[in-house]
Amino acid sequence: MNAVAIESLSKQYPGGKQALSHIDITLKQGEVFGFLGPNGAGKTTTVKILNGILTPSEGSCRVLGTDPVKNPEKVHALSGVVTEHAQMYDNLTGLQNLVFYGSVFGLTASESERRANTLLEELELTEAKDRKLAAYSTGMRQRLSLARALIHQPKVLFLDEPTSGLDPESAQNVNHLIRRLAEEAGITVFLCTHQLRYAQEICTRYGLIDRGKLLASGSLEELRAETSSRIAVKIRASRIPELLPCRKIGEQEFEIEIQSEKEIPRIVRQIVEDGGDIYQVNPRQPSLEDIYFTLTSKQKEAEE
Ligand SMILES: Nc1ncnc2c1ncn2[C@@H]1O[C@H](COP(=O)(O)OP(=O)(O)O)[C@@H](O)[C@H]1O
Ligand SMILES: [Mg+2]
């Protein structure tokens, strides 16, 4: 069974805004899927539909085989959600908040407390657990919100911009935890973010969305192949033969674009045979950001 299956999903808001247009995505269990796109792309709308908060205008979706439109309670029991603005109680402590949400999910008081303490430890909140939420920083709230989403040991975790507003160190911690959850607990993660660099560190597959349309999906290798992105090779050498299509980028520094790493030995040989000394050769594979910009500019060209 797929962890998440989205079929030709569309959403038009009552005011007429088309937020999603025929999106197709499937997630296998245990995948960390990065749903990437700028603000307004349609990420939050998708997560809300998957959690039964919004109903789709067209198409359908399933979370572990369950339709959130027909059976939202079952989806809630199977999944955890971290939204951008998590609602928790300011006048309760971190621990009390978690114990409360544990009871909402049907855990006994002692189960709730045991589970809460484990999560507080993992998210480095043990010291703050008896402080009221009102005294928590944004980063601490964000981590507590992740703990809350995990209290009932969900099989699918939806994370909507979990690292936005976090300093780089807290963002790294959250990222490490997400990866560990997927690797050790086999949790499927549906991660929405516009921070492509963080995503590239932890995701196994991606879906790139812009203005409600899915531009592409797949692993990084698949996306690189699909966009036929080129590899930029930086070469530091005393001189470069004129016939090589190089761009001079600095003192004895050149850049050449190639299709495949297989072209590198030939380039190196040509430089040496021409009498050049080579100090450095650095190929750089296109990053998720490069791919994203390639895809969005293609989309714009197609629309014009
Ligand atoms: N309740 C709403 N009513 C009307 N339009 C909305 C509503 N919520 C979001 N939108 C619009 O739908 C589009 C997608 O929004 P959203 O799913 O929040 O994007 P993202 O999470 O990727 O930033 C945006 O253009 C947004 O303005
Ligand atoms: Mg959003």
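Computation of the quantities below employed the complete heavy-atom set of this structure, encompassing side-chain atoms and omitting hydrogens, waters and symmetry-equivalent molecules. Residue numbers run from 1 in the order of the sequence given. Model, not experiment: these values are computed from the prediction. Both ligands and their constituent atoms are indexed starting at 1 by order of listing.
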Salt bridge (Lys or Arg N to Asp or Glu O under 4.0 Å) between Glu289 and Arg197: does it pass, once the steps are laid out?
CA-CA 7 Å; Glu289 268 178 349; Arg197 258 175 244 163; 3.3 Å; yes
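- Under the 3.5 Å distance criterion, the side-chain polar atoms of Thr66 are left unmatched by any main-chain donor or acceptor of Arg62.
- Ligand 1 places these atoms under 4.0 Å from at least one heavy atom of Thr44: 17 (O), 18 (O), 20 (P), 21 (O).
- The presence of a protein heavy atom under 4.0 Å from atom 26 (C) of ligand 1 is ruled out.
- Nearest heavy-atom pair, Gln18 versus Ser10, reported as atom, atom and distance to 0.1 Å: NE2-CB, 3.9 Å.
- Among protein atoms, those of element N, O or S found less than 2.8 Å away from the Mg ion (ligand 2) are Thr44 OG1.
- Looking only at distances, no side-chain donor or acceptor of Arg284 sits under 3.5 Å from a matching main-chain atom of Ala232.
- Using a non-hydrogen distance threshold of 4.0 Å, Gly212 does not register as a contact of ligand 1.
- Ion pair Arg247/Glu255 flagged as a salt bridge, since at least one NZ, NE, NH1 or NH2 atom sits closer than 4.0 Å to an Asp/Glu carboxylate oxygen.
- The minimum heavy-atom distance between Ala216 and Leu295, with the atom names listed, is CB-CD1, 3.8 Å.
- For atom 19 (O) of ligand 1, the closest non-hydrogen atom on the protein side is Gly42 N, 3.1 Å.
- Close contacts of ligand 1 with Pro38, meaning ligand atoms under 4.0 Å from a residue heavy atom, involve 22 (O).
- Not a single heavy atom of Gly37 lies less than 4.0 angstrom from ligand 1.
- Closest protein heavy atom to atom 9 (C) of ligand 1: Tyr13 CE1, 3.4 Å.
- Legend: residues meeting ring-ring contact (aromatic ring centres under 6.0 Å, His included) with Phe105, ordered by chain and number and at least two apart, are His152.
- Judged by distance alone, the side chain of Thr294 and the main-chain N or O of Asp290 form a donor-acceptor pair under 3.5 Å.
- Proximity of Lys17 to ligand 1, defined as any heavy-atom pair under 4.0 Å, is confined to the side chain (atoms from C-beta onward).
- Of the candidates Ile231, Ile256, Val281, Val281 is the only one forming a side chain to side chain contact (heavy atoms under 4.5 Å, CB included) with Ile264.
- Because its NZ or CZ atom is not both nearer than 6.0 Å to the ring centre of Phe33 and within 45° of the ring axis, Arg205 does not count as a cation-pi partner of that residue.
- In summary, the atoms of ligand 1 found under 4.0 Å from a heavy atom of Thr45, numbered by their order in the structure, are 14 (C), 15 (O), 16 (P), 17 (O).
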Given the rule in the salt bridge (Lys or Arg N to Asp or Glu O under 4.0 Å) test, do Asp90 and Arg141 qualify, once you have shown the distances and angles that lead to the verdict?
CA-CA 10 Å; Asp90 267 354; Arg141 275 169 188 269; 2.8 Å; yes
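- In this structure, a donor-acceptor pair under 3.5 Å is absent between the side chains of Thr204 and Glu31.
- Heavy-atom proximity to Asn39, at under 4.0 Å, picks out these atoms of ligand 1: 23 (O).
- Within a 4.0 Å radius of atom 5 (N) of ligand 1, the protein contributes at least one heavy atom.
- Considering only non-hydrogen protein atoms, atom 24 (C) of ligand 1 sits nearest to Gly40 O, 3.7 Å.
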